[in-house]
Amino acid sequence: MTTKRLHPRVRIVWILRAVLAAAILTAPVVGGFYFGYLPEWAPVVAGATFLALGVTHALLRYRRWSYEIREDALYLDRGVVTQVRTTVPLVRIQHVDSRRGPVERSVGLASCVVYTAGSRGADVRIPGLTPDGASDLREELKRLAIRADGEDAV
């Protein structure tokens, strides 16, 4: 199969998270300014720096995220600073969910969560899918897992 990318709207979700993180990280600097410990330009510089780093990370994260379904496994490739390649053998899949949180619903996206047999990190999440895409992926992985391991796989 071909390598699949996430829907471009997932960048909105990740950028909104970056804005929230920048606001939280800037709050102590604002407090330092308020109490007279820091100059008035410090919160602006800190906020702009945190925001620029967060937005850049979100955009790079989108460019790096991909997945591929083959006959034997689900392959995930992601990460900005640390690149992570995950292989989920189809015979290890226990069940698959599609999920839509409030932020994802607001931009028309969903996620697919694949739960695997094992104790450490026994699930992987594929974000940034359309609702129909998440349902289709869930059904495809279910079908392939059942075929790979018999009727009791999912």
Tell me whether [Y] is reachable from [X] by hopping between hydrophobic residues (I, L, V, M, F, W, Y) whose side-chain heavy atoms are closer than 4.5 Å.
X	Y	value
V103	Y62	yes
V107	L129	yes
I12	L59	no
F50	V44	no
V96	I69	yes

Nearest heavy atoms of [X] and [Y], plus distance in Å:
X	Y	answer
S66	R5	CB-NH1, 3.8 Å
A145	L90	CB-O, 3.6 Å
A110	P131	CB-CA, 3.9 Å

Would you give the length of the straight line joining atom [atom1] of [X] to atom [atom2] of [Y], rounded to the nearest 0.5 angstrom?
X	Y	atom1	atom2	result
K4	Y75	NZ	OH	14.5 Å
T130	L137	OG1	CG	10.0 Å
R64	L6	CZ	CG	12.5 Å
R143	I146	CZ	CD1	9.5 Å
T56	I15	OG1	CD1	9.5 Å
K142	I93	NZ	CD1	12.5 Å

(request) State, yes or no, whether a side-chain contact exists between R147 and L144 at a heavy-atom distance under 4.5 Å. (result)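 Yes; the side chains approach each other to less than 4.5 Å.
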
(message) Going by the rule side-chain contact (heavy atoms from CB on, under 4.5 Å), which residues pair with L53 if we only count those two or more places apart in sequence or in a different chain?
(response) T49

(message) Taking side-chain contact (heavy atoms from CB on, under 4.5 Å) as the definition, give me every residue that meets it alongside L76, ordered by chain and number, with sequence neighbours left out.
(response)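 Partners of L76 by the side-chain contact (heavy atoms from CB on, under 4.5 Å) criterion, ordered by chain and then number, come out as W65, Y67, L74, R78, T86, V124, I126.
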
(request) Answer yes or no: is there a donor N or O on one side and an acceptor on the other, between the side chain of R9 and the main chain of L109, under 3.5 Å? (result)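 Answer holds: no.
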
(message) Please check: side-chain N/O of R92 versus main-chain N/O of P89, any donor-acceptor pairing under 3.5 Å?
(response)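 No, R92 side chain to P89 backbone: no donor-acceptor pair under 3.5 Å.
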
(message) Applying side chain to side chain donor-acceptor pair (under 3.5 Å) as the test, list every pair that has at least one member in residues 98-107; sequence neighbours left out.
(response)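 Residue pairs with at least one partner in residues 98-107: S98-R138, R99-Y115, E104-S111, E104-R125.
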
(message) Heavy-atom count check: over 12 atoms from other residues, nucleotides or ligands less than 6.0 Å from R63 CZ?
(response)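 Counting other residues, nucleotides and ligands, CZ of R63 stays at 12 neighbours or fewer.
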
